[in-house]
2 protein chains.
Amino acid sequence: MALKEKTNSETCGVTACMKVLDGKWKPIILFNISKGANRFTKLLVAVEGINRQMLSKQLKQLEKSGILERTTFAEIPPRVEYAITPLGKTLLPVVLAMKRWGDKQTGANKVKTPPKDKFLQQAQLFD
Amino acid sequence: MALKEKTNSETCGVTACMKVLDGKWKPIILFNISKGANRFTKLLVAVEGINRQMLSKQLKQLEKSGILERTTFAEIPPRVEYAITPLGKTLLPVVLAMKRWGDKQTGANKVKTPPKDKFLQQAQLFD
DNA sequence: CGGTATCCTCAAAGATACTG
DNA sequence: CAGTATCTTTGAGGATACCG
């Protein structure tokens, strides 16, 4: 969605954040990686509705922003793993806040997600 | 963006939240209303870079989603006020999380203003 | 003051096919 | 397995003008 730079675009931190999370997919991708979907094909399945080249593009953008790190293993078959960088981890509270909101509205996950994701827990800003 | 519905799109709450905050402007609009910019022209100024019909469109979408409430006062000159609904207030933690992240990355509130879009580079912000 | 009504552009999103 | 390469579509975002 364009988010082009404007000389005044750093007026508010919200805009800066929007810039990094720009688009339809990045938050949900980030969320899924944080849940352990750290490989391309895993993400392709986990992020329902996305396709290869869209996933590829989003991952690249996240990499470029310093949110993700990509590691290639020269094996046969080739293996690539994605990891959330320290900077990326600082973004998880935002993603988590989104998830909690969405879950609440849809009435999803009454049973609350199994606490596999340790570093997500720091997400409460204020109730 | 598009965020069209898919039968599986409610897989995760994150998606539901993205749907409501869809686009470039909604979080920053919401933030500004929460800060007291509750009128059209105020928002036009506060949300730098936006124009009339874009603001109008975004406000309508937020209204339709139940995030905002619009009140018209039949005066001369006409007055319209926007308020965040209870549902909308539950969204503020998300917006706030965004703002806090963005402020941190840009070093806002610390006089350190314009490294343009270079805030992406500083990967290590915390030890 | 607080909007609409048009029209246009360009990049995001998607479909399809191919590759190291 | 993990992508690229193209091409097409779609609609968000923007410019300009007008209105109750």
How about [X] and [Y]: do any of their side-chain heavy atoms sit closer than 4.5 Å?
| X | Y | answer |
| --- | --- | --- |
| B:Arg52 | B:Phe40 | yes |
| A:Ile84 | A:Leu68 | yes |
| B:Lys24 | A:Met18 | no |
| A:Trp101 | B:Val94 | yes |
| B:Thr90 | B:Leu87 | yes |

Between [atom2] of [N] and [atom1] of [X], the distance in whole Å:
| X | N | atom1 | atom2 | answer |
| --- | --- | --- | --- | --- |
| B:Met54 | C:dC8 | CE | P | 17 Å |
| B:Leu55 | C:dC1 | CG | P | 14 Å |
| B:Glu48 | D:dG14 | CD | C1' | 17 Å |
| B:Gln61 | D:dA12 | CD | P | 7 Å |
| B:Asn51 | C:dT4 | CG | P | 13 Å |
| A:Leu59 | D:dA2 | CG | C1' | 11 Å |
| B:Lys24 | C:dA11 | NZ | C1' | 11 Å |
| B:Ile50 | D:dA12 | CD1 | C1' | 12 Å |

### Query
When we call it a touch if two heavy atoms are under 4.0 Å apart, what does B:Gln58 touch: a base, just sugar-phosphate, or nothing?
sugar-phosphate
### Task
Assign A:Phe73 to base, sugar-phosphate, or nothing according to its heavy-atom contacts below 4.0 angstrom with the strands shown.
nothing
Filtered N/O pairs between nucleotides 4-7 of chain D and protein, under 3.5 Å:
{"residue": "D:dT4", "atom": "OP1", "partner": "A:Lys60", "partner atom": "NZ", "Å": "2.7"}
{"residue": "D:dT4", "atom": "OP2", "partner": "A:Ser56", "partner atom": "OG", "Å": "2.7"}
{"residue": "D:dT4", "atom": "OP2", "partner": "A:Lys60", "partner atom": "NZ", "Å": "3.4"}

### Summary
OG (A:Ser65) and NZ (A:Lys19) are apart, to the nearest 0.5 Å, by 10.0 Å
### Task
Can you figure out which of C:dA13, C:dC1, D:dC1 approaches the side chain of A:Pro78 most closely?
D:dC1
### Message
If we check side-chain hydrogen bond (donor to acceptor under 3.5 Å, both in side chains) with A:Asp103, which of these qualifies: A:Arg100, A:Lys99, A:Gln105?
### Response
A:Lys99
### Task
Please determine if a side-chain N or O atom of A:Arg39 lies less than 4.0 Å away from the OP1 or OP2 oxygen of D:dA2.
yes
